[in-house]
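I have placed the structure first, in the form of structure tokens, so that the comments after it can refer back to it.
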2 protein chains.
Amino acid sequence: MSEIESFFKSAFSVDNVIFGFDEGELNILLIQRGAAPYKGKWALPGDLVYPNEDLDTAAERVLEQLTGLRGVYLEQVKTFGSVNRHPLGRVITVAYFSLVKVGKHTINPASFAQSARWHKLSEVKDLAFDHNEILDSCLKRLKRKVRTAPLGFELLPPKFTLSELQQLYDSVLDLPKKLDKRNFRKKILSMGFLVESAELQEGVAHRPAKLYSFDRVKYGQFLNEGYVFDL
Amino acid sequence: MSEIESFFKSAFSVDNVIFGFDEGELNILLIQRGAAPYKGKWALPGDLVYPNEDLDTAAERVLEQLTGLRGVYLEQVKTFGSVNRHPLGRVITVAYFSLVKVGKHTINPASFAQSARWHKLSEVKDLAFDHNEILDSCLKRLKRKVRTAPLGFELLPPKFTLSELQQLYDSVLDLPKKLDKRNFRKKILSMGFLVESAELQEGVAHRPAKLYSFDRVKYGQFLNEGYVFDL
DNA sequence: ATACTTATTGTAGAATTTACACCATACCGT
DNA sequence: ACGGTATGGTGTAAATTCTACAATAAGTAT
């Protein structure tokens, strides 16, 4: 085999850290591997990139095949390429994270693995390959990003209460002290792209909260004026 | 050819955006391609990743072969993998940027290209492949990163004046208004990891400025206390 | 000595951030 | 219907940080 040929004995994949927010906690969607290597282990959903497929497209495809969702938030984070990260050959993987609204989809593990389900982030451990490292990178990126871009809204249903929104930020940021309720509301409302609906929360055993929604158009206008989201 | 084999008909490379600061301006180190494709065009220094080489190692190697420098700041930025980005086959490339002190090295283009030299950032245009896009990404990353980590110091010689430091930040950030001199000094000095030397600037036709240096150890101590660099 | 160039320094007003506690309103049991 | 319980909703004062701004100092060049 010529030297140049040996360069082409490698493959690349995408792996996707899919975040969701449920029961006041950050969750991620994992698959259970149905084949060697790491058979039976939980892993990030991912796949080899097709020869004529762009990287972003591959990441979108993985997400869509698993959840049926399209057009969700997706961001490339980092590429992992240690020589021995994959037991079967040289495979480098491009890590993405995506943010989905839990409940708006059905999970279809068939195309990937024997099963797939949401895991509380706090209960995730010992994933296949170098996926723990990948998860750490994506989580770190998410934590930084939610403070400078209104990504939090991607994880919530279209209508939500301010308490839910704060709970999300408390959960994602995982700060030693929770955010102050009054200050949080003041700041987020002062940004001007939350719209109050007439509706109230239902089915709770206490005073129901007002529902708000995120106005993407208004947010876009702020952007044009050089506005910087900063929580 | 089996399907699985077709996945392994691809290669990956690293490309390195090497930033330097010279004559009050941000510069980048480019090579001029000696072979097709894009023969004669200026391009980012890069190379295919060896079969048994980690990505970071490959990026370090490219930098060292070109400049002789080791241990400089290097950060992975993004991976580019459009299907047709390389005329000769499917090659995805992992982009890095590095920060070097101009003047502390000699450039050796031999291993890569017919020539290599520093270019003022403002004069760079029409690079080979998708390298303009890669440069844009790295520049954007640098702009964000210099505000939240003391990266600027990687671009300056060990001893520098506060004016040089500010000039660097003005140049990198490229804001509509320059930073205010008094406020900049106040803020950077209040951080506590700049150490004033007894020496003065030499060879200038005006009042010489005090020289300062960046105390990496002190900065590390701040980090342990949860300090956040924020310009 | 005079002109020239860059270095160095402080303050007051504005804006932002932080800390903090009580009443309101719904549901639920009884 | 009434009291208990749980979360929703709201303002202010003090501290801190940010911003704008200009005059003198210390060298070199002529």
Side-chain angles (χ1 to χ4, degrees), chain A residues 21 23-25 146-148 156-157 159-171 173 175-213 222 225-231, chain B residues 21 23-25 146-148 156-157 159-171 173 175-213 222 225-231:
Chain A
F21 185 69
E23 297 179 14
E25 220 178 314
V146 291
R147 304 198 75 138
T148 53
L156 291 175
K159 298 201 170 175
F160 47 84
T161 71
L162 292 185
S163 290
E164 286 167 346
L165 184 60
Q166 183 184 340
Q167 203 174 32
L168 187 161
Y169 275 97
D170 277 328
S171 167
L173 297 175
L175 300 169
K177 294 160 196 163
K178 289 190 178 187
L179 300 169
D180 179 87
K181 190 175 19 166
R182 275 178 287 191
N183 294 339
F184 175 79
R185 292 159 99 95
K186 221 181 309 174
K187 185 149 194 180
I188 205 89
L189 286 173
S190 76
M191 292 178 175
F193 48 75
L194 280 190
V195 291
E196 188 179 325
S197 88
E199 298 167 61
L200 295 180
Q201 202 178 17
E202 282 177 18
V204 290
H206 55 77
R207 174 176 175 180
K210 282 183 216 160
L211 291 174
Y212 289 80
S213 61
F222 282 104
E225 296 162 16
Y227 178 77
V228 182
F229 178 94
D230 190 4
L231 193 70
Chain B
F21 185 69
E23 297 180 14
E25 220 177 315
V146 292
R147 304 198 76 136
T148 54
L156 290 175
K159 300 202 170 175
F160 47 83
T161 71
L162 293 184
S163 291
E164 286 166 346
L165 184 60
Q166 182 184 343
Q167 201 174 32
L168 187 160
Y169 275 97
D170 277 329
S171 167
L173 296 176
L175 299 170
K177 294 160 196 165
K178 289 190 178 188
L179 299 169
D180 179 87
K181 190 173 15 168
R182 274 178 285 192
N183 294 338
F184 176 80
R185 289 166 172 248
K186 222 180 308 173
K187 185 148 195 182
I188 204 91
L189 286 173
S190 75
M191 291 178 175
F193 47 75
L194 279 190
V195 291
E196 187 178 325
S197 88
E199 299 166 63
L200 294 179
Q201 201 179 19
E202 282 176 18
V204 290
H206 54 79
R207 173 175 176 180
K210 281 184 217 161
L211 292 173
Y212 289 80
S213 61
F222 282 104
E225 296 163 16
Y227 177 78
V228 182
F229 178 94
D230 191 5
L231 192 71

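So you know, we letter chains A, B, ... as the sequences are listed, proteins then strands, and number each from 1. The shown structure was predicted, so the numbers you read here are calculated from the model rather than taken from an experiment.
To the nearest angstrom, C1' of D/dG11 lies 18 Å from CZ of A/F184. A straight line from CG of A/L189 to C1' of C/dT17 spans 17 Å, rounded to a whole angstrom. One can place CD of B/E202 at 14 Å from C1' of D/dT28, the figure rounded to the nearest angstrom. B/K178 has its NZ atom 16 Å from the P atom of D/dA20, to the nearest Å.
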Show the distances under 3.5 angstrom between N or O atoms of the protein and N or O atoms of nucleotides 5-9 of chain D.
from  : atom 1 : to     : atom 2 : distance (Å)
D/dG8 : OP1    : A/S163 : OG     : 2.9
D/dG8 : OP2    : A/S163 : OG     : 2.8
D/dG8 : N3     : A/R207 : NH1    : 3.4
D/dG9 : OP1    : A/K210 : N      : 2.9
D/dG9 : OP2    : A/R185 : NH2    : 2.6
D/dG9 : O5'    : A/R185 : NH2    : 3.3
D/dG9 : N7     : A/K181 : NZ     : 3.2
D/dG9 : O6     : A/K181 : NZ     : 3.2

Sub-3.5 Å pairs of nitrogen or oxygen atoms, protein against nucleotides 15-19 of chain D:
none

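Nearest-nucleotide positions on DNA chain C place A/D230 closer to the 5' end than the other of A/D230 and A/R182.
Every side chain to side chain donor-acceptor pair (under 3.5 Å) that B/D180 has, sequence neighbours left out, goes to B/N183. For the side chain to side chain donor-acceptor pair (under 3.5 Å) test, no residue two or more places apart in sequence or in another chain qualifies with A/K181. Applying the side chain to side chain donor-acceptor pair (under 3.5 Å) criterion to B/K187, with sequence neighbours excluded, gives no partner residue. Take B/S171 and apply the side chain to side chain contact (heavy atoms under 4.5 Å, CB included) test, not counting sequence neighbours, and it matches B/F21, B/L26. Residues meeting the side chain to side chain contact (heavy atoms under 4.5 Å, CB included) test with A/S163, sequence neighbours left out: A/T161, A/R185. Partners of A/F160 under the ring-ring contact (aromatic ring centres under 6.0 Å, His included) rule, at least two apart in sequence or in another chain, are A/F153. For A/K178, the salt bridge (charged side-chain N to carboxylate O under 4.0 Å, His left out) test picks out no residue, with sequence neighbours left out.
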Is there a side chain to side chain contact (heavy atoms under 4.5 Å, CB included) between B/L168 and B/V146 once you walk through the steps? CA-CA 10 Å; B/L168 187 160; B/V146 292; 5.6 Å; no
